[in-house]
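Reviewing the structure listed below.
Each chain gets a letter, A, B and so on, in the order the sequences are listed, and its residues count up from 1. These numbers were taken from a predicted model, which means no experiment stands behind them.
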Protein chains: 2
Amino acid sequence: MIANSWMGQLKDHGYRLTGARNAVVETVADTKQALTPLEVFDLARRKYAALGLVTVYRTLEKLEELNLVQRVHQPAGCQAFIAASKGHQHLLLCQSCGQAIYIDGDDLDPLIDKLSRQTGFRIDEHWLQFFGLCMNCQ
Amino acid sequence: MIANSWMGQLKDHGYRLTGARNAVVETVADTKQALTPLEVFDLARRKYAALGLVTVYRTLEKLEELNLVQRVHQPAGCQAFIAASKGHQHLLLCQSCGQAIYIDGDDLDPLIDKLSRQTGFRIDEHWLQFFGLCMNCQ
DNA sequence: TTACTTGCAAACGTTTTGCACGATT
DNA sequence: AATCGTGCAAAACGTTTGCAAGTAA
């Protein structure tokens, strides 16, 4: 139960446990789709009808701060969030339903070393993401 | 002179050649930085003082449509544009000045094949992007 | 009881649209 | 002369902030 663990971590960081927060946390923790704030709002309202969209934004902000959730960038937009994975993160995303799968990428270190040498850049971060259609959506 | 070629392509597609368009085209074609619409506006206004921000948006839209320009996604935001490269596109980006370098990435086809087999996804697109600081900005 | 959290309303920044005027062809 | 392009103003959109009332601790 990921949602419980997230609520625990919120509590550990001095945040209070409320019905509104719980609804948002359960919604994001228990789905494999990348969800926009508005989608989270619509889904979470089924669990907690009085929920406000502002609370969704503020809760996502806290979850991102605690690295429980991460923002996903896609060709169609960059507002979606998914549960964060530990360690390094390469993604496979369905462009129709938003399903997100974490994958083991190639080892890019040799390429990063080569690029650093060639360009003089200090490379801090990289994204490797694949986009397509999942089996259901094809 | 990339700007001339772009103006030619605009003309070929039935678009008119105007001072405002020329200023935007020159600005984006002749820089290696990823620029936001507002940055394009500020730079292009030096060449064509009467320029409106709306025209920047509309011109970028046309350039994107003709695949002369592409949108760049970065951790800090996804509003920037750069001149498009032919063929496949992997990017190295400076997070301070926005300098963008197209690179030859690894051959990802074997990984894509493996992922397709494992997940059943039909993979249509991928992003491989590296972020850091260029030599000047370090 | 205290301090955090909430939803509402308003503010904000970015992007888009409507429109009359101006410019290119 | 006809059509396309322009800048302005206003609208639309997603997101953030201020605030008074409500709630967890």
Side-chain angles (χ1 to χ4, degrees), chain A residues 4 6-28 34-66 69 71-81 98, chain B residues 4 6-28 34-66 69 71-81 98:
Chain A
N4 286 342
W6 289 11
M7 292 302 279
Q9 291 192 56
L10 284 170
K11 185 167 194 176
D12 292 346
H13 284 79
Y15 297 121
R16 295 183 177 173
L17 306 186
T18 68
R21 248 165 217 174
N22 196 57
V24 172
V25 163
E26 279 186 3
T27 299
V28 181
L35 298 175
T36 64
L38 196 60
E39 288 168 337
V40 172
F41 177 61
D42 286 335
L43 291 169
R45 222 166 13 162
R46 299 183 194 163
K47 300 167 192 267
Y48 186 86
L51 182 66
L53 179 57
V54 179
T55 299
V56 173
Y57 279 99
R58 292 195 269 226
T59 304
L60 287 173
E61 192 178 54
K62 285 172 179 58
L63 293 175
E64 197 176 16
E65 185 186 304
L66 301 181
V69 138
R71 187 178 288 268
V72 173
H73 297 256
Q74 298 175 259
C78 305
Q79 319 76 15
F81 291 82
Chain B
N4 286 342
W6 289 13
M7 291 304 277
Q9 292 191 56
L10 283 170
K11 184 167 195 178
D12 292 346
H13 284 79
Y15 297 120
R16 294 182 177 172
L17 306 185
T18 68
R21 248 164 216 174
N22 196 57
V24 172
V25 163
E26 280 186 1
T27 300
V28 181
L35 298 175
T36 64
L38 196 61
E39 288 168 337
V40 172
F41 177 61
D42 287 335
L43 292 169
R45 221 164 14 160
R46 299 184 194 162
K47 301 167 191 268
Y48 187 85
L51 182 65
L53 178 57
V54 178
T55 299
V56 173
Y57 278 99
R58 292 196 269 226
T59 304
L60 288 173
E61 191 179 53
K62 286 175 179 57
L63 293 175
E64 196 176 16
E65 184 186 304
L66 301 182
V69 139
R71 187 178 287 267
V72 174
H73 297 257
Q74 298 176 259
C78 306
Q79 319 76 15
F81 291 83

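- Nucleic acid contact for A/Leu38: none, since no nucleic acid atom lies under 4.0 Å from a heavy atom of the residue.
- Counting heavy atoms from C-beta on, the side chains of B/Leu10 and B/Val25 come closer than 4.5 Å.
- Residue contacts for A/Tyr48: at a heavy-atom cut-off of 4.0 Å it reaches the sugar-phosphate backbone alone, with no base atom in range.
- Taking 4.0 angstrom as the limit, A/Thr18 places none of its side-chain polar atoms (N or O) nearer than this to OP1 or OP2 of C/dC4.
- The 5' end of DNA chain C is approached more closely, in terms of each residue's nearest nucleotide, by B/Gln79 than by the other of B/Gln79 and B/Lys11.
- Listed nucleotides D/dA9, C/dT5, D/dG5 differ in distance to A/Arg21; the shortest reach to its side chain belongs to C/dT5.
- Between B/Cys78 and B/Val72 the shortest side-chain heavy-atom distance does not fall below 4.5 Å.
- Environment of NZ in B/Lys11: sparse, with no more than 12 heavy atoms of neighbouring residues, nucleotides or ligands closer than 6.0 Å.
- The shortest side-chain heavy-atom distance between B/Arg21 and B/Lys62 falls under the 4.5 Å cut-off.
- Here D/dT15 is the nucleotide among D/dC8, D/dT15, C/dT6 with the atom lying nearest to any side-chain atom of A/Tyr57.
- Toward the 5′ end of DNA chain D lies the nearest nucleotide of B/Leu53, the other residue of the pair B/Leu53 and A/Glu61 mapping further downstream.
- Checked against C/dT5, D/dA25, C/dT25, the side chain of A/Tyr15 finds its nearest nucleotide in C/dT5.
- Residue B/Arg16 places a side-chain atom within donor-acceptor reach of the base of D/dT3, judged by atom type and a 3.5 Å distance cut-off alone.
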